[in-house]
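To start, the structure under review is shown below, and the notes come after it.
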Amino acid sequence: MRADLLNDAVDGLDEALAAVDGFDEALVAGLLRPQPARASGLAALAAAVAGSPLAARVAEAAEKTAAGAAGEDHFVALAAARTALLGSVHDALVLRVEEAVGRARDGESGTAAADGAEHAVNLHVAARSWLCDLARAGWHGIDHELIAGAAPVVSAMLPDPALRRLATLLDGFAAELAASCPGASLEHVPVRRWADLWSRAVLLTLPGAASAPAVGEATGRLLPLGVDVQEHATAVQAQVHAVFEPADGGTPRLVRASVSAPKPDTVVGAGLWQLLRPHLSLLAAVGEGRAMELDAMPVTGEGDLIWDDARARTGEPAEAFATARVALPAATAFATAPLDRHPARITVPVLLEGYTVEEDEGGVAFRVAGQRLAVDTDRVPAAGPLTPEVVASSGACVGLLRWDAGEFLLQPLAVEKTVRRKSVAVHAGAWAGGTTDKAGVRAEKAATDAVTVLRERAGKLLRK
């Protein structure tokens, strides 16, 4: 890997992010009557897209908003401009990563075109109206009355599968804002995050924006590379990154398979796997170090497998590092859908070898061909045997290349280390299918006990 390319500046990147930051700061105080200092952020956003098809609409939106006369269409234009800028940042960073790792991706995404039918227009209008009220008030102006306006919209949307994507986003966003009310007393505002959620939600209220991606079929061999675990207080998700080798001998592809589940906040660590295993047999294959044979498994145009256990069976042993050394270099990534083009979405599987490890107050880093690459050990889940200490003693690593806070980071999925002159692999997902490890067994037992108690309590409440 050309690690030097990851440390080189990307032309225009800082300017694009500065324009996004200016608009995000304007959202903090609100867009009802922005002060001159905030209005300059709107003008900078318009200037950043001046050479694009959005130019005229965004210029008008920035002018109207600065004058306190903006309508919903103007807020939609500003959200579109912000999303387009972050999309350009995503594309520039992905091109840099592809050059560094020597792999390419498809030029076009498989997003399905809108069918022209307007679905539940009134609910989309209601959601957009609430989001525009949020923008006018700003994050410092939120209160419980304003946030409560999302509840009836979400309740009306959730029963409809076609609206569930937007409903889930609105529900989570509203809950996060409600937990921070009143906004006037907030000491710290997650400026970029809330602006991300706001702009994405605004665009999803537009006709056709939430169209499902095109779906094809995958028949062949699936070779897991590792598992990325994302845990929150009430939910957990496991995403398996893998190389898919088509049965017809076509080009290997990088794919993902995800499973998520609600959870009580008392279930943590290795106990998370028992919540996820029943929904994804692939986790057992990952834990056992085996491939899976797929037969017409649905796959989206972005490379996400829509998992169906009936279309998969366990295959031969397939060690992740062997896959990374042999199959990964030739694998091609799917394109990213337009609304998903965001720097936070960059997750590129890579194999690193021959590095040296550096540890300091800033954490762990790998020195690759003389270049420093920060390692994000905070993303190493507690649901497996991989720990920051193990990462620091490694000599080879399969991980996900990400971009955050202005630099590329490596999230380890598995490492190789030398133990008694033998190479030993340690995987973050080693306990996904079950474990005999003492720590893992204890965590699973504790989780089982916690779930049993919660079920008993829920049963008593339902009987009353």
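Computed from heavy atoms alone, side chains included, the values below leave out hydrogens, waters and symmetry copies. Note that the structure is predicted; figures quoted are calculated from it, not measured. Position 1 is the first residue of the sequence, and the numbers go up from there.
- Partner of Asn7 under the side chain to side chain donor-acceptor pair (under 3.5 Å) criterion, out of Gln371, Glu407, Arg372: Gln371 alone.
- Note that CZ of Phe173 and CD1 of Ile147 are 7.5 Å apart. Values are rounded to the nearest 0.5 Å.
- Ion pair Asp304/Arg256 flagged as a salt bridge, since at least one NZ, NE, NH1 or NH2 atom sits closer than 4.0 Å to an Asp/Glu carboxylate oxygen.
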Quiz: residues 322-329 side-chain donor-acceptor pairs under 3.5 angstrom, not counting sequence neighbours:
from: Thr323; atom 1: OG1; to: Glu319; atom 2: O; distance (Å): 3.3
from: Arg325; atom 1: NE; to: Glu353; atom 2: OE2; distance (Å): 2.9
from: Arg325; atom 1: NH2; to: Glu353; atom 2: OE2; distance (Å): 2.7
from: Arg325; atom 1: NH2; to: Glu416; atom 2: OE1; distance (Å): 2.8

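- One N or O on the side chain of His342 and one on the backbone of Ala344 form a donor-acceptor pair closer than 3.5 Å.
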Starting from the C-alpha separation in whole Å, work towards a yes-or-no answer on side chain to side chain contact (heavy atoms under 4.5 Å, CB included) for Val229 and Trp273.
CA-CA 10 Å; Val229 180; Trp273 296 118; 3.6 Å; yes

Donor-acceptor list for residues 215-226 side chains, cut-off 3.5 Å, not counting sequence neighbours:
from: Thr219; atom 1: OG1; to: Ala296; atom 2: N; distance (Å): 2.8
from: Arg221; atom 1: NE; to: Glu245; atom 2: OE1; distance (Å): 3.2
from: Arg221; atom 1: NH2; to: Glu245; atom 2: OE1; distance (Å): 2.8

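- In plain terms, the two heavy atoms of Val76 and Arg128 that are nearest each other are CG2-CD, 3.6 Å.
- Closest non-hydrogen pair, Ala46 versus Val58, comes out as CA-CG1, 3.7 Å.
- Using a 4.5 Å heavy-atom cutoff, the side chains of Val390 and Pro385 are not in contact.
- In this structure Arg103 satisfies the salt bridge (Lys or Arg N to Asp or Glu O under 4.0 Å) test with no other residue, sequence neighbours excluded.
- Atoms CG and CH2, on Leu177 and Trp198 in that order, are 13.0 Å from each other to the nearest 0.5 Å.
- Counting heavy atoms from C-beta on, the side chains of Val364 and Glu358 never come closer than 4.5 Å.
- Nearest heavy-atom pair, Ala285 versus Met292, reported as atom, atom and distance to 0.1 Å: CB-CG, 3.6 Å.
- Taking the side chain as every heavy atom from C-beta outward, Asp295 and Arg313 never approach each other to under 4.5 Å.
- One N or O on the side chain of Arg96 and one on the backbone of Leu5 form a donor-acceptor pair closer than 3.5 Å.
- A salt bridge is absent between Arg379 and Asp404: the closest approach of a Lys/Arg side-chain nitrogen to an acidic carboxylate oxygen does not fall below 4.0 angstrom.
- Side-chain atoms of Leu131 and Phe75, non-hydrogen and from C-beta on, never get closer than 4.5 Å to each other.
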Run Leu42 and Leu31 through side chain to side chain contact (heavy atoms under 4.5 Å, CB included) and show every step you take.
CA-CA 10 Å; Leu42 301 174; Leu31 303 181; 4.2 Å; yes

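- Between Ala238 and Leu283, the closest heavy-atom pair is CB-CD2, 4.4 Å.
- With contacts defined as side-chain heavy-atom distances shorter than 4.5 Å, the pair Leu93/Phe408 qualifies.
- Taken to the nearest 0.5 Å, the CG atom of Asp4 stands 12.0 Å off from the CG atom of Leu373.
- Atom CG of Leu339 and atom CG of Leu204 lie 6.0 Å apart (nearest 0.5 Å).
- A distance of 11.5 Å separates CH2 of Trp431 from CG of Leu272, quoted to the nearest 0.5 Å.
- Qualifying salt bridge (Lys or Arg N to Asp or Glu O under 4.0 Å) partners for Arg345, counting only residues two or more places apart in sequence or in other chains: Glu302, Asp340.
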Kindly indicate, with the supporting measurements, whether the criterion side chain to side chain contact (heavy atoms under 4.5 Å, CB included) is fulfilled by Met297 and Asp308.
CA-CA 7 Å; Met297 181 73 73; Asp308 180 356; 4.2 Å; yes

Donor-acceptor contacts under 3.5 Å from residues 13-23 side chains, at least two apart:
from: Asp21; atom 1: OD1; to: Arg192; atom 2: NH2; distance (Å): 2.7

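- Within the 4.5 Å cutoff, side-chain heavy atoms of Leu86 are placed close to those of Asp196.
- Judged by distance alone, with hydrogens and angles left aside, the side-chain atoms of Asp360 form a donor-acceptor pair with the main-chain N or O of Gly363 at under 3.5 Å.
- One finds a salt bridge joining Asp24 and Arg82 here, because a Lys/Arg side-chain nitrogen approaches an Asp/Glu carboxylate oxygen to under 4.0 Å.
- Partners of Phe366 according to the ring pair (Phe, Tyr, Trp, His ring centres under 6.0 Å) rule, which considers only residues two or more places apart in sequence or in another chain, are Tyr355.
- Residue Asp11 places its CG atom among 12 or fewer non-hydrogen atoms of other residues, nucleotides or ligands, all under 6.0 Å distant.
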Walk me through it: do Arg402 and Thr347 pass the test side chain to side chain contact (heavy atoms under 4.5 Å, CB included)?
CA-CA 5 Å; Arg402 295 180 175 271; Thr347 51; 3.2 Å; yes

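- Residues His241 and Leu254 fail the side-chain proximity criterion, which asks for heavy atoms closer than 4.5 Å.
- Annotation: side chain of His427 is not in contact with side chain of Val398 (no heavy-atom distance under 4.5 Å).
- To the nearest 0.5 Å, the span separating SG on Cys397 from CZ on Phe321 amounts to 6.5 Å.
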